[in-house]
2 protein chains.
Amino acid sequence: MRVAFATIWCYDALMTLQPSEETIQAWIQLHKSQRMLLERVELALKKNGLPPLDWYDVLLELSRDTDSGLRQYEIGQRMLLSKHNLSRLIDRLEKNRLVRRDACAEDGRGNRIRIAEEGKALLGKAWPVYRKALQDNFGEKLTPAEMIELARLLGKVSKRS
Amino acid sequence: MRVAFATIWCYDALMTLQPSEETIQAWIQLHKSQRMLLERVELALKKNGLPPLDWYDVLLELSRDTDSGLRQYEIGQRMLLSKHNLSRLIDRLEKNRLVRRDACAEDGRGNRIRIAEEGKALLGKAWPVYRKALQDNFGEKLTPAEMIELARLLGKVSKRS
DNA sequence: TCCAATTAGTTGCAAATGCAACAAGATAAG
DNA sequence: CTTATCTTGTTGCATTTGCAACTAATTGGA
């Protein structure tokens, strides 16, 4: 029993107290890759005179609910943006006439954000550039099976404890 | 031969022009996961009165070359930080006496950054917190084999074209 | 009904980031 | 040797982010 106890103790110490070497490598790689890819894709967008990726993401979410629009907190949840930040991101989009911010009927505090015609137009113009940058910098680096596996692993990793 | 040609064409169109659905899912998941994990770990650091992760990363790099120190551009390459940004990050660290910035003997333009005693102390104080946050939020979510596979896939993805 | 607690969103202020221009030392070509 | 070019790093300015405090509307009890 002594051996088993020692084994359990070691296992516990190694598995829960200390991140393994593999864990640390994956952690570093995760941040490096994400940063590098984002930088490259953003650069491609900018070179073609297009706004940053955040704008695209918001517009894309909104384009899925053209009629009813979305509440700000809904966009925030989907994009993982804090509310104050989102508030000002919407300001910018509104100023550029890409979205409209209407008072909300069922909740006097909030507003409904809807994509405007110019917003749709921008989506259409940006997608070819985004698509190419995405494929060149990311898509073609892995086989379809690897891509599915990557998404699965990342999904597991971001599950709340 | 017509068929083969058509096949090739389709393949080309699908594989290089258009990111597949799997690619898009993995792309979204990559950014969501990274953002979420970073947020959680940064929060843990802050709750314990520790500085942001960037500080830790720089100090860690420097702690590997205690004697000779590192040039700023070397740190920049390893951490994927732009030079102007790094310049000011070092300013902050220097102001907090965590590093020293000495004139560089072999190149009059640059300087060598060395970790100071207080920097080492901070590393020691931060690691237990960082380690726990890393393990709880990331390490324990995957098996060791999955972790290795994740690092491998991310590595492939960030190879320059 | 009335009041406390929660939620949605905004705003002021400080800190961090990106961009472009810059200074100054190194390098290479003539 | 001289001059043009490249590299390393800094700085000013505008934009963006994070934090905390705030308003206003909703919800849920007593």
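As the structure is a prediction and not an experimental result, all values here were calculated from the model. Letters go in sequence order (proteins before strands), and every chain restarts at 1.
Rounding to whole angstrom units, CG of residue A/L70 and C1' of C/dA8 are separated by 15 Å. Here the P atom of nucleotide C/dG9 and the CD atom of A/Q77 are 10 Å apart, to the nearest Å. Atom CD in B/E42 sits about 17 Å away from atom P in C/dA15, given to the nearest Å. Per the geometry, CD1 belonging to A/I75 stands 13 Å off C1' belonging to C/dA8, to the nearest Å. For the pair A/R35 CZ and C/dA16 C1', the computed distance is 12 Å after rounding to whole Å. Spacing between atom CG of A/L89 and atom C1' of C/dT10 amounts to 15 Å, rounded to whole angstrom units. One can place CG of A/L43 at 12 Å from C1' of C/dG18, the figure rounded to the nearest angstrom. Atom-to-atom, CD of A/E106 to P of D/dT27 comes out at 10 Å; the value is rounded to the nearest Å.
Minimum heavy-atom separation, A/S158 to B/Q29: OG-OE1, 3.5 Å. The two residues B/S63 and B/L60 have their closest heavy-atom pair at OG-O, 2.7 Å.
OP1 or OP2 of D/dT17 sits under 4.0 Å from a side-chain N or O of A/R92.
The neighbour count for B/E39 CD, taken as heavy atoms of other residues, nucleotides or ligands under 6.0 Å away, does not exceed 12.
Legend: residues meeting side-chain hydrogen bond (donor to acceptor under 3.5 Å, both in side chains) with A/D91, ordered by chain and number and at least two apart, are A/R101.
With respect to the salt-bridge test (charged N to carboxylate O, under 4.0 angstrom), the residues A/E106 and A/R112 qualify.
Annotation: side chain of A/L50 is in contact with side chain of A/L122 (closest heavy-atom distance under 4.5 Å).
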Going 5' to 3' through nucleotides 8-13 of chain D and flagging B where a protein heavy-atom sits under 4.0 Å of the base, S where only the sugar-phosphate is that close, and - otherwise, we get BBBBBB

